[in-house]
Amino acid sequence: MKKIKYFFEDFGGYLLLMKEVFRWPQNMHIFKRKLLFEIQTLGIDSILIVFLVSVFVGAAVVIQLLINLENPIYPDWIYGYASRKTMMLEFSPTIISLILAGKCASKIASELGTQKITEQIDALEVMGVNTASYLILPKIIACMITFPLLIVMSIFISIVGGGIGALSVGTLSMSAYIDGLRLEYTNMDLIFAIVKVFVYSIIISSVASYRGYTLKGGSVEVGIQSTKAVVQSCIIIMIFDLIITNLFM
Amino acid sequence: MIKVENVSKYFGEKKVLDNINAEFEEGKCNLIIGKSGSGKTVLMKCLVSLYTPDEGYIHFDDRILRHLNKKEKVNLRKDIGMLFQGGALFDSMNIEENVMFPIRMFQRDEIKKMKSRVEFCLERVNLKGINKYYPSELSGGMQKRVAIARAIATQPKYLFCDEPNSGLDPQTSIVIDQLIKEITHEYNITTIVNTHDMNSVMEIGENINYIHQGKLWWKGNSENVLNTDNKELNDFIFCSALTKKLKQNNI
Ligand SMILES: Nc1ncnc2c1ncn2[C@@H]1O[C@H](COP(=O)(O)OP(=O)(O)OP(=O)(O)O)[C@@H](O)[C@H]1O
Ligand SMILES: [Mg+2]
């Protein structure tokens with residue numbers, strides 16, 4: 001019973017905060033600078049991890065397919081086709097988003113939380129700054145811009161990784177892999193992936209911001225809340241994964 | 001002038017401020033003194049509306065805090081400068097950006113003008129040549145002085161200082177006290193200072209409010225604070241062996 005009450009309090013608080021966040025910035029110049037900074041720290045700094053995970057999982061998926069579907073009744077195109085579908089529909093949008101949640105949600109929550117407990121947010125507030133919008137809006141928009149781009153990159157790289165995997169096993173020719181990749185290709189899959197990531201990017205950045213911005217207490221609480229930010233945004237991503245997939249497919 | 005009318009504040013069951021009535025005058029250093037934990041910081045945060053009092057009203061000249069809408073509140077806050085007890089410098093910005101921030105946010109000046117204002121403010125707190133340092137690279141007292149520079153950067157009409165000289169050596173303390181007094185008189189600011197440092201009380205106490213357990217216990221100025229017969233205030237002032245002796249011998 002108490003848990004349900006907390007849930008609704010949290011959810012209400014979250015909605016109220018978002019109402020404050022989506023306001024026109026008080027100073028466009030400062031907003032742009034902050035946005036560029038967040039694009040750097042939340043987006044560009046995530047390229048490496050997205051790249052590594054995509055290459056290795058892409059390769060591993062194709063190797064698994066080749067080993068497990070060794071029977072000659074399967075046509076050669078199945079490997080490329082299956083890896084493309086897996087990567088575009090589920091792996092890149094959802095799994096990479098979970099990794100981004102781990103990286104960015106904890107960063108956002110602990111940064112805002114520390115600013116809160118050292119009274120930096122109070123200091124901004126007293127100056128007349130709309131702190132919710134000033135601190136949080138650039139983060140959310142930076143995630144909305146960069147995450148879809150990261151996911152498109154991840155799809156491409158995981159498919160290349162799959163090619164490398166195929167080469168390393170050696171039983172599948174490159175041309176058969178590429179034929180499989182091109183079979184029945186539709187742009188709908190890509191659009192679907194981008195829509196999903198767009199939703200996830202808002203979830204990750206806003207949930208983490210809420211956790212950090214509303215934090216009360218000391219350094220222990222910063223740790224607790226940034227863990228919560230990661231766990232909760234992951235759970236919400238999985239729920240939305242199910243909802244969006246059911247809606248579109 | 002800032003007027004506090006019947007202000008009470010609770011945290012849960014605990015009554016931290018109990019029916020406070022006070023007036024803080026323009027062009028004067030108004031002091032709030034009291035023991036640690038007596039409610040000074042909470043009162044100050046109520047004044048700048050970081051906390052909302054559960055009862056009572058706060059008047060900023062003809063503006064009543066409780067009746068302001070969001071936009072009017074933002075406008076009021078542009079007239080406020082505040083020094084936090086812990087400094088509260090922005091740790092992702094260097095010193096120059098810290099002091100420049102409130103100017104840059106609301107007064108779109110040329111960069112050159114803003115920079116010279118920053119120089120001026122830093123010079124007033126005796127800090128020069130540290131523009132490119134980050135807050136974490138400064139000592140606690142230096143951070144405090146930077147925070148003062150930031151609070152006065154926009155030439156506020158109301159200046160709030162929460163323990164401006166805790167953590168400073170006696171010499172620097174006096175410099176800071178003098179600085180606060182000077183700018184208060186020079187620009188006719190309504191200044192409110194929280195302190196438990198008797199030196200500053202004697203130095204700048206033009207209007208003193210003594211808070212004890214969340215209640216306003218005594219009002220006066222630096223001339224009559226030493227001769228009061230209020231027991232709690234006497235205990236507060238004459239707590240050290242030295243001051244007790246001086247009092248006994250009527251020095
Ligand atoms: N956010 C809060 N939640 C609950 N209680 C609080 C909160 N802030 C302050 N208090 C309580 O209010 C009382 C007054 O605190 P306050 O910070 O105003 O003291 P102070 O007079 O500024 O002391 P100091 O000189 O040590 O800074 C304390 O007993 C404190 O426990
Ligand atoms: Mg205090």
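Chain A is the first sequence line, chain B the second, and so forth, proteins listed ahead of strands; every chain is numbered from 1.
The candidate from A:L124, A:N130, A:T118 with the greatest count of non-hydrogen atom pairs under 4.5 Å with chain B is A:L124. Ranked by heavy-atom pairs under 4.5 Å with chain A, the first of B:F160, B:F84, B:F106 is B:F84.
Cation-pi geometry between A:K2 and A:Y6 is not satisfied (NZ or CZ under 6.0 Å from the ring centre, within 45° of the ring normal).
Proximity to chain A is limited to the backbone of B:L89, based on heavy atoms less than 4.5 angstrom apart. Only the side chain of A:Y134 comes within contact range of chain B, with heavy atoms under 4.5 Å apart. For a residue to count as touching a neighbouring chain, one of its non-hydrogen atoms must lie under 4.5 Å from one of that chain's; by this rule B:K73 does not touch chain A. Of the atoms belonging to B:D91, heavy atoms from both backbone and side chain fall under 4.5 Å from chain A. With a 4.5 Å cut-off on non-hydrogen atoms, B:R150 touches chain A through its side chain but not through its backbone.
Aromatic pair B:F90/B:F101: centroids less than 6.0 angstrom apart.
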Test B:K45 against A:E119 for salt bridge (Lys or Arg N to Asp or Glu O under 4.0 Å), laying out the working first. CA-CA 11 Å; B:K45 286 191 173 173; A:E119 294 185 312; 2.7 Å; yes
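The aromatic rings of B:H59 and B:Y57 sit tilted relative to each other, their planes meeting at an angle between 30° and 60°.
Taking the charged nitrogens against the carboxylate oxygens, B:E119 and B:K115 have no contact shorter than 4.0 Å, which rules out a salt bridge.
No more than 12 heavy atoms of other residues, nucleotides or ligands sit less than 6.0 Å from atom CD1 of A:I49.
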